[in-house]
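This report concerns only the one structure given below.
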Amino acid sequence: MPFDVRNLVTSSVATLRSQGPPDDQVVETFERRFAEHVGAAHCVSFAFARTAVHQALESQALPHGSEVLMPPITISPMMDAVLSLGLRPVFVDIDPNSLIFDVEAFERAITPNTRAALITYLFGIAADPTPLIEVAARAGLFVIEDFSHNLGASVGGRSLGTFGDVGVYSCSATKTLDAYGGGLAVTNSTSLAGLLRTAQRRLPHPPARRVPPKVLVDLAWNAGSHKSMWSAVAFPLIRALRRWAPGVEDAISGANTPGAGTGELAPEAFERLSAHQARVGLAVLPSVEPGNEQRRRDAERLRGALRGLGCSVPQGAPAGVHVFWQTVVVVDDPAGFQRALARLGIDTAPTNLPLLSDGGLYPDVAKSCTVAERIKQRAFYVPMNNRMSRRDRARVTDAVVQVLGGRGGG
C-alpha cells in the first residue's frame, strides 16, 4: 500500500478509542487542508466519492433524461449515481496514451441532450484534460473530474481535479489518502461550493457503529499485503483461486461490487464524513507526497527499462507530473505474462475496475469501446510501491524486463 503505515496505525487507534458526538470542526479542518493540498478554493466532504458525484449533478437540476458522458472503465456506483437521478449515461472510448476520453470521440458523442461529462483519470497517469475541457465549455457541459487514482498528479503546475467544475476524490482503501472511506469534492466556484455545502448539511451524521468495522477491515487488508504475509499466505492463496475459483478472487478483490447495476445508491451513501475519518485523513495527508515521489522514481526507472520491449505504457501529458498509483504495462500476451512472472515469484493483476460499457451490468447503454476493452484485458499492475525495499523493486524491474524481453517464458 502506498501510504505511511505508522500514520495509519496511530490514527486507527485514536479512531477506535475516540468517543462523543461528531466534531464538525475537525471535518472542516480536513476539508480546508485537502483543498490547500490540491490548490482548490473549496472542499466539501461526503460519505463516498459516488455521493459527491450525485450531489454535484443534482446541484445542476438537469432535466430528466439528460445525457452524461461516461468513461467505460470506472466503478459501478458512479453509474448508479447518474442513473439514480434519472440521467442517461453515454460511454465514450478512451485514448490509449492518456487513458481519459479520446478528444474526437468525446466531441462526436455530444448531442443537444448532453449536459455533463465525467472525466476519470486512471492508474496515476497525468493526462492533460485541457482539450476536453475546451470542447465541453463550447458545448456548455458541466464537467466532473474523478481523480481518485491521481492525488498529487498535475499538468502545467495545476493539479488534476481542478480543471473542470468539480473534482472528486475517494478516500477508500488502497488509495494514497485512505481515511476508511469518504468522498471529497473540490471546486473553485464559490456558488457551486455553496450548493454542495447545503446538500452536505442536509445529510445525517453516520452512526458510531459505522467506522470501527472499516478500521478493522483496512488494518487486516494492510496486514495481508505486508511482504511476509503476502509471500507466505496471500500470494499462494490468490494463485490457487485463479486456477480453481476465479469468481471468489473477484469477490475478494472488489471486482464484483455488491448491489452493482441497481441504478440506485445505498442509504449509507447519504451520510456525512465522520470526524473519525477526518482525523485519519489529517494524519495521513502529509505522507501522500513523499510516497508519490518514491513511486515516481521507481516507476520511471521501470518504464525506461521497458522501452523497445513487447509492451506499451501509457505516457500521459509530456509535461505531466505522474503519481503512478499503480505502475501499469499493456502486454500482448496477458496470460503468458502473468504466468511467467508468477514463476519468478512476482504477482501481477489486471485492473479490477469493471468494463461497464460491455453491457454486463448496464445492457441498456452498452457500447463498443475498443481501446477501453484492450486496457481492461491487457493492462497489468506491476508491484512497485514505496513499502517495498529497494532490492525488491529492483528485482521486480529485472523480472519484468526478463519476461518481456523473451527470456522468461512469457
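Residues Ala52 and Val168 approach most closely at CB-CG1, 3.7 Å, considering heavy atoms. Contact record, Leu160 with Ala127: CD2-O, 3.5 Å, taken as the closest heavy-atom pair. Nearest heavy atom pair, residue Arg296 against residue Gly152, reads NH2-O, 3.6 Å. Gly281 and Leu177 get closest at one heavy-atom pair: O-CD1, 3.7 Å. Taking every heavy atom of both residues into account, Leu265 and Pro77 meet most closely at CD2-O, 3.7 Å. The two residues Pro314 and Val328 come nearest to each other via the heavy atoms CD-O, 4.1 Å.
Listed for the His322 side chain is no donor-acceptor partner under 3.5 Å among the backbone atoms of Ile125. In this structure, the side chain of Arg158 does not engage the main chain of Gly39 through any donor-acceptor pair within 3.5 Å. Counting only distance, with no hydrogens or angles, the side chain of Thr162 and the backbone of Ser159 share a donor-acceptor pair below 3.5 Å. Judged by distance alone, with hydrogens and angles left aside, the side-chain atoms of Asp95 form no donor-acceptor pair with the main-chain N or O of Ile100 at under 3.5 Å. Between the Asp165 side chain and the Phe142 main chain, no donor and acceptor come within less than 3.5 Å of each other. Of the possible donor and acceptor atoms, none in the side chain of Arg295 sits under 3.5 Å from a partner among the backbone N and O of Met384. Judged by distance alone, the side chain of Arg395 and the main-chain N or O of Arg390 form no donor-acceptor pair under 3.5 Å. Remark: the backbone N or O of Val280 is not paired with any side-chain donor or acceptor of Tyr180 at under 3.5 angstrom. Counting only distance, with no hydrogens or angles, the side chain of Arg272 and the backbone of Leu203 share a donor-acceptor pair below 3.5 Å. Judged purely by atom type and a 3.5 angstrom limit, Glu67 has no side-chain atom pairing as donor or acceptor with the backbone of Ile110.
Contact check for Phe380 versus Leu341: no side-chain heavy atoms found under the 4.5 Å cut-off. No side-chain heavy atom of Pro131 sits under 4.5 Å from any side-chain heavy atom of Phe106. Tyr121 places none of its side-chain heavy atoms less than 4.5 Å from the side chain of Leu151. Residues Asn150 and Trp325 fail the side-chain proximity criterion, which asks for heavy atoms closer than 4.5 Å. Between Asp146 and Val53 there is no side-chain heavy-atom pair separated by less than 4.5 Å. In this structure, Val288 and His37 have side chains that are in contact, with non-hydrogen atoms separated by less than 4.5 Å. At a threshold of 4.5 Å between non-hydrogen side-chain atoms, the residues Thr120 and Ile73 do not count as touching. The closest side-chain heavy-atom distance from Leu87 to Leu57 is below 4.5 Å.
Taking SG of Cys311 as the reference point, atom CZ of Arg303 lies at 10.0 Å (rounded to 0.5 Å). Atom CE of Met70 is separated from atom SG of Cys369 by 11.5 Å, given to the nearest 0.5 angstrom. For the atom pair CG of Leu356 and OG of Ser76, the computed distance is 6.5 Å after rounding to the nearest 0.5 Å. The OG atom of Ser59 lies 5.0 Å from the CG atom of Leu192; values are rounded to the nearest 0.5 Å. Note that the OG1 atom of Thr190 and the CG atom of Leu195 stand 11.0 Å from one another [nearest 0.5 Å]. Atom CG of Leu141 and atom CD of Gln60 lie 11.5 Å apart (nearest 0.5 Å).
A salt bridge is absent between Asp178 and Lys175; no separation between the charged side-chain nitrogens and carboxylate oxygens falls under 4.0 Å. Between Lys376 and Glu373 there is no salt bridge, since none of the side-chain N atoms of the basic residue sits less than 4.0 Å from a carboxylate O of the acidic one.
Considering only residues two or more places apart in sequence or on other chains, Arg33 meets the salt bridge (Lys or Arg N to Asp or Glu O under 4.0 Å) condition with none of them. Not counting sequence neighbours, the partners of Arg374 by the salt bridge (Lys or Arg N to Asp or Glu O under 4.0 Å) test are Asp332. Glu271 pairs by the salt bridge (Lys or Arg N to Asp or Glu O under 4.0 Å) definition with Arg210, not counting sequence neighbours.
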Subject >> From CA spacing to verdict: side-chain contact (heavy atoms from CB on, under 4.5 Å), Leu355, Gln377 >> reply: CA-CA 9 Å; Leu355 180 70; Gln377 295 164 1; 5.8 Å; no
**OP:** Any chance you could lay out the side-chain contact (heavy atoms from CB on, under 4.5 Å) test for Arg378 and Phe337, step after step, and finish with the verdict?
**Re:** CA-CA 10 Å; Arg378 300 186 181 187; Phe337 176 75; over 6 Å; no
Subject >> Residue pair Gln326, His149: steps toward the side-chain contact (heavy atoms from CB on, under 4.5 Å) verdict >> reply: CA-CA 8 Å; Gln326 296 283 358; His149 289 188; over 6 Å; no
Subject >> Verdict with supporting geometry, Leu184 and Phe30, side-chain contact (heavy atoms from CB on, under 4.5 Å) >> reply: CA-CA 10 Å; Leu184 305 175; Phe30 177 45; 3.9 Å; yes
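Partner of Arg88 under the side-chain contact (heavy atoms from CB on, under 4.5 Å) criterion, chosen from Val365, Leu83, Val82, Thr114: Val365. Under the side-chain contact (heavy atoms from CB on, under 4.5 Å) rule, Val92 has a single partner from Leu69, Leu118, Asp102, which is Leu69.
Between His54 and Phe48, the distance separating the two ring centers is not shorter than 6.0 angstrom.
Under a cut-off of 6.0 angstrom, the local environment of CD in Glu104 is sparse, with at most 12 non-hydrogen atoms contributed by other residues, nucleotides or ligands.
Remark: the Thr111 side chain and the Asn113 side chain contain no N/O donor-acceptor pair separated by less than 3.5 Å.
Using a 30° and 60° split on the angle between ring planes, Phe34 and Tyr169 fall in the tilted class, from 30° to 60°.
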